[in-house]
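Per chain, numbering begins at 1; letters A, B, ... match sequence-line order. Values below: every heavy atom of this structure, side chains too, minus hydrogens, waters and symmetry copies.
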Amino acid sequence: MTTVRIPAGWPATEERARAVQDELRERVVLDEPGPPPGTGRVTGVDVAYDDERDLVVAAAVVLDAATLDVVAEATAVGQVSFPYVPGLLAFREIPAVLAALDALPCAPGLVVCDGYGLAHPRRFGLASHLGVLTGLPTIGVAKNPFTFSYEEPGPRRGSASALVSGEDEVGRALRTRDGVKPVFVSVGHRVSLDNACAHTLALTPKYRLPESTRRADSLCRRALQEATP
DNA sequence: GCGACAG
DNA sequence: ATCTTGTCGC
């Protein structure tokens, strides 16, 4: 397990963090379709915390997109770099996620984040931010609708409806399993919304959440246990 | 002003 | 995120 380094100039206040989002937002690429589902590699990233010691552990798990077999994995531990503030999640999670991605022995391909991308108060969520910093194609798959509204999609797997912020469609509520609560998909960087949903469906042959995030979630929890006496 | 609010 | 056992159902 490698160690997290907090990037130079990492914001220390909410005001500065919002300014960074407003600045980096300009660099998001939204006009690329992204890699075709079922090809190449897909990497799930997730983070776990120990609030007692202000510890954070991130995991990155690389899957073969066709078989969903694990190809590689890496973890990173470090000190928490920012409190949890709705809308500023990226500043809490990204340093650890970057360290885990750096520790991988191979290229990650498409990165699937636990959270949002475009669906964000300033249109620059975790997935967008990670995409801009790494240049990698990214998407966000969240478990909750955050502050957004949506119409309940149809009951079957594959049904989807718009995730709405005012006038804009910022993502999609996507049913990944029959009769189960939808997930909330949004674009991060260099991937279209249709393609992001197709990837999400390809990653959910058995469970509600993408196999990538399930793997990353269990790995970072295990690693946190081992890092905590 | 008050409440809600990804993880 | 995290605290947490058993339990209902395929």
Side-chain angles (χ1 to χ4, degrees), chain A residues 4 14 17-18 20-21 25 28 44-61 75-100 111-132 138-150 155 157 163-166 168-174 176-189 193 196 200 205-210 212-228:
Chain A
V4 177
E14 298 185 19
R18 291 190 187 94
V20 168
Q21 290 180 329
R25 181 176 54 203
V28 173
V45 292
D46 197 16
V47 170
Y49 299 95
D50 175 10
D51 287 332
E52 302 293 284
R53 303 163 197 273
D54 257 17
L55 274 188
V56 55
V57 172
V61 180
T75 55
V77 233
Q79 217 65 29
V80 167
S81 55
F82 209 86
Y84 172 66
V85 179
L88 300 178
L89 177 65
F91 296 94
R92 183 166 171 81
E93 305 215 333
I94 278 187
V97 169
L98 287 176
V111 178
V112 180
C113 298
D114 195 0
Y116 281 115
L118 231 205
H120 179 273
R122 283 168 297 285
R123 302 294 180 269
F124 195 71
L126 171 63
S128 318
H129 202 147
L130 186 65
V132 164
T138 60
I139 67 174
V141 180
K143 298 181 281 295
N144 301 293
F146 200 13
T147 61
F148 306 104
S149 52
Y150 66 101
R157 163 175 158 89
L163 187 65
V164 172
S165 174
D168 310 334
E169 175 176 8
V170 293
R172 218 160 268 167
L174 176 64
T176 55
R177 306 297 306 158
D178 290 355
V180 170
K181 172 182 167 159
V183 298
F184 303 90
V185 179
S186 60
V187 155
H189 185 57
L193 183 54
T200 302
K206 198 166 163 56
Y207 298 101
R208 172 181 177 240
L209 296 179
S212 44
T213 52
R214 299 183 73 254
R215 297 284 188 160
D217 180 76
S218 73
L219 178 56
C220 69
R221 291 191 200 220
R222 259 180 290 136
L224 179 62
Q225 293 307 316
E226 290 162 17
T228 303

Please evaluate residues A/Cys113 and A/Val45 with respect to the criterion side-chain contact (heavy atoms from CB on, under 4.5 Å), reporting the C-alpha separation (whole Å), side-chain torsions for both, the decisive distance (0.1 Å), and the verdict.
CA-CA 6 Å; A/Cys113 298; A/Val45 292; 4.2 Å; yes
Can you see which heavy atom on A/Phe146 is nearest to which on A/Ala119, and at what distance?
CD2-O, 4.5 Å
Taking pairs as Watson-Crick (N1-N3 plus N6-O4 or O6-N4) or G-U wobble (N1-O2 and O6-N3), each distance under 3.5 Å, the stems of three or more consecutive pairs with DNA chain B are none
Would you mind listing every side chain to side chain donor-acceptor pair (under 3.5 Å) that reaches into residues 78-97 of chain A, with sequence neighbours excluded?
A/Tyr49-A/Glu93
Provide the start and end nucleotides, 5' to 3', of the part of DNA chain B that has atoms under 4.0 Å from heavy atoms of chain A.
B/dC5 to B/dG7
Looking for any heavy atom pair under 4.0 Å, which part of the strands does A/Gly87 touch: base, sugar-phosphate only, or nothing?
base
The residue among A/Leu126, A/Val85, A/Val20 that forms side chain to side chain contact (heavy atoms under 4.5 Å, CB included) with A/Phe91 is A/Val20
What range of DNA chain C does chain A touch, first nucleotide to last, counting atoms under 4.0 Å from its heavy atoms?
C/dA1 to C/dT2
Need one value for A/Tyr49: base, sugar-phosphate or nothing, where a base atom within 4.0 Å counts as base even if backbone is also close, heavy atoms only.
sugar-phosphate
Counting C-beta onward and ignoring hydrogens, is there a side-chain heavy-atom pair between A/Ile139 and A/Thr200 closer than 4.5 Å?
yes
So A/Leu88, base contact, sugar-phosphate only, or nothing? Heavy-atom distance under 4.0 Å.
base
If we ignore hydrogens and angles and just use 3.5 Å, is the side chain of A/His189 paired with the main-chain N or O of A/Ala127 as donor and acceptor?
no
Heavy-atom closest pair (A/Ala76 atom, A/Ala96 atom, distance to 0.1 Å) is CB-O, 3.9 Å
Of all heavy-atom pairs between A/Val185 and A/Leu193, which one has the smallest distance, and what is that distance?
O-CD1, 3.9 Å
A/Ala48 near the nucleic acid: base, sugar-phosphate alone, or nothing, with a heavy-atom cut-off under 4.0 Å?
sugar-phosphate
Worked check of side-chain contact (heavy atoms from CB on, under 4.5 Å) between A/Phe124 and A/His129
CA-CA 6 Å; A/Phe124 195 71; A/His129 202 147; 3.4 Å; yes
Can you check salt bridge (Lys or Arg N to Asp or Glu O under 4.0 Å) on A/Asp114 and A/Lys143, steps first, answer last?
CA-CA 8 Å; A/Asp114 195 0; A/Lys143 298 181 281 295; 3.0 Å; yes
Is there a donor-acceptor pair under 3.5 Å between the side chain of A/Ser165 and the backbone N or O of A/Phe148?
no
Give one of base, sugar-phosphate or nothing for A/Asp46, where a contact means two heavy atoms less than 4.0 Å apart.
sugar-phosphate
Closest non-hydrogen atom pair, A/Val97 against A/Ala58:
N-CB, 3.7 Å
Scan for salt bridge (charged side-chain N to carboxylate O under 4.0 Å, His left out) pairs involving residues 78-90 of chain A, sequence neighbours excluded, and state none if there are none.
none
DNA chain C: stems of at least 3 consecutive Watson-Crick or G-U pairs whose donor-acceptor distances fall under 3.5 Å
none
